[in-house]
Amino acid sequence: MKRIITFTICVLTLSLNGQEKELKSKNAIISTNNNKSITHEKVDINSPLKVVNLETNKPERQPAYFIDGKYFNQSILKTLNRQFIDSVTVIKEEVTLGNKTYYGQIHIKMKKEYVPKIISLTDLKSKYLKPSPIPTIFIIDNDVVKSDYNEFLIDENYILKIESQVIKIEKEKLNANVIRLVTKTNENIEEANKIWIRGVDTEL
């Protein structure tokens with residue numbers, strides 16, 4: 001089912017934004033999308049260190065996501081349990097919700113026996129952790145959340161563990177509470193079922 005979601009989103013993106021073509025040469029890979037072209041230098045073990053400043057702003061054109069007929073922002077996909085998805089329907093029609101227009105619609109129907117428990121990161125923090133005046137950084141598995149915590153929604157049922165750690169670096173004047181959410185992926189569950197004895201891991 002995870003492959004179905006990935007495939008449908010890719011199809012929607014490709015059909016609306018045009019297909020990307022790659023032209024390869026000995027020294028570079030040139031990608032073209034519509035009228036834009038970007039040259040990527042090939043990388044090997046002798047390549048020099050590069051500094052890349054990544055954009056944190058979301059793209060303007062996004063599809064609207066609906067779960068069992070109710071609209072949710074894209075953040076919910078991060079913790080939606082794929083095993084309980086019954087079907088995915090893609091509608092290539094624009095829809096306006098509030099003051100924002102979305103270029104397509106993705107309708108996700110969950111299995112009848114599963115009811116997602118949707119909560120924002122802000123409410124999750126208030127529910128399970130003690131109040132703290134220091135800034136908070138959320139990490140879901142290994143991905144840092146860069147969106148507004150009030151609007152970033154998760155399925156609480158898909159969270160396996162919450163890890164909280166205060167990071168203090170005096171010289172950098174850094175003081176932050178790092179909260180890592182571990183989801184119920186097969187890999188994370190397998191890791192949680194291991195017992196570490198004298199440096200040797202043994203599965204239960």
Side-chain angles (χ1 to χ4, degrees), residues 1-2 4-6 9 54-59 62-86 88 97-98 100 102 106-199 201-204:
M1 188 57 66
K2 182 178 180 181
I4 294 176
I5 294 179
T6 304
I9 293 175
L54 300 177
E55 295 289 338
T56 57
N57 295 330
K58 294 182 178 179
Q62 301 176 26
Y65 294 88
F66 297 86
I67 299 176
D68 293 333
K70 186 177 180 180
Y71 166 75
F72 291 95
N73 60 45
Q74 189 177 4
S75 63
I76 192 60
L77 298 180
K78 187 70 179 175
T79 58
L80 193 64
N81 195 333
R82 273 65 170 171
Q83 296 180 354
F84 292 100
I85 293 177
D86 184 55
V88 178
L97 301 172
K100 187 172 182 179
Y102 300 86
I106 297 179
H107 291 262
I108 300 173
K109 183 179 179 182
M110 306 301 293
K111 294 180 180 179
K112 293 182 179 180
E113 65 270 21
Y114 184 77
V115 179
K117 196 173 181 180
I118 309 302
I119 188 172
S120 71
L121 289 179
T122 299
D123 291 339
L124 184 79
K125 178 184 175 183
S126 299
K127 183 177 181 180
Y128 291 101
L129 302 173
K130 295 180 180 179
S132 175
I134 63 177
T136 297
I137 299 174
F138 272 100
I139 300 175
I140 299 180
D141 290 333
N142 295 317
D143 295 330
V144 177
V145 177
K146 302 167 187 163
S147 305
D148 185 345
Y149 297 157
N150 292 314
E151 297 181 359
F152 198 100
L153 304 176
I154 64 169
D155 181 2
E156 188 178 344
N157 292 334
Y158 195 56
I159 302 302
L160 178 66
K161 180 172 59 173
I162 300 176
E163 298 175 347
S164 179
Q165 182 181 17
V166 175
I167 303 296
K168 293 183 179 180
I169 303 177
E170 297 295 340
K171 290 185 178 181
E172 298 291 337
K173 296 182 179 179
L174 175 64
N175 190 12
N177 184 21
V178 178
I179 300 175
R180 180 172 179 250
L181 306 183
V182 180
T183 62
K184 293 179 180 178
T185 61
N186 292 333
E187 295 78 7
N188 289 340
I189 292 175
E190 181 180 352
E191 185 67 23
N193 288 332
K194 291 181 178 179
I195 299 176
W196 292 83
I197 302 176
R198 294 181 182 178
D201 63 305
T202 305
E203 295 185 8
L204 289 174

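Quantities reported herein were computed from a predicted structural model and do not represent experimental measurements.
- By the 30° and 60° cut-offs, the orientation of the rings of Phe66 relative to Tyr71 is perpendicular.
- Among residue pairs with one or both ends in residues 151-166, those qualifying as salt bridge (charged side-chain N to carboxylate O under 4.0 Å, His left out) are Lys127-Glu156, Lys161-Glu163, Glu163-Arg180; sequence neighbours excluded.
- With sequence neighbours excluded, the residues that form a salt bridge (Lys or Arg N to Asp or Glu O under 4.0 Å) with Lys78 are Asp143.
- In this structure, Leu181 and Leu121 have side chains that are in contact, with non-hydrogen atoms separated by less than 4.5 Å.
- The structure places CG of Leu174 at 11.0 Å from NZ of Lys168, a figure rounded to the nearest 0.5 Å.
- Looking at Met110 and Asp86, their side chains never come closer than 4.5 Å, going by heavy atoms from C-beta outward.
- Within the 3.5 Å criterion, the main-chain N or O of Val115 finds a donor-acceptor partner in the side chain of Asn157.
- Side-chain contact between Leu80 and Arg82 is present, with heavy atoms from C-beta onward closer than 4.5 Å.
- Between Asn186 and Gln83 the shortest side-chain heavy-atom distance falls below 4.5 Å.
- Rounding to the nearest 0.5 Å places CD1 of Ile108 at 5.0 Å from CD1 of Ile67.
- A 6.0 Å sphere centred on CD of Glu113 holds more than 12 heavy atoms belonging to other residues, nucleotides or ligands.
- Annotation: salt bridge (Lys or Arg N to Asp or Glu O under 4.0 Å) contacts of Lys184 (sequence neighbours excluded): none.
- Between the side chain of Tyr149 and the backbone N or O of Lys125, no donor-acceptor pair lies under 3.5 Å.
- Exactly one of Asp148, Leu153, Ile154 qualifies for a side-chain contact (heavy atoms from CB on, under 4.5 Å) with Ser120. That residue is Leu153.
- The backbone N or O of Ile134 sits nowhere less than 3.5 Å from a side-chain atom of Asn175 that would complete a donor-acceptor pair.
- With rounding to the nearest 0.5 angstrom, the CD1 atom of Ile76 is 3.5 Å from the CD1 atom of Ile118.
- Side-chain contact between Phe152 and Thr122: absent, with no pair of heavy atoms (C-beta onward) separated by less than 4.5 Å.
- Under the 4.5 Å side-chain criterion, counting only non-hydrogen atoms from C-beta, Ile162 is in contact with Leu124.
- Among the candidates Thr185, Thr183, Thr79, the single residue satisfying the side-chain hydrogen bond (donor to acceptor under 3.5 Å, both in side chains) test with Asp141 is Thr183.
- Interatomic distance, Ser75 OG to Tyr65 OH, rounded to the nearest 0.5 Å: 10.5 Å.
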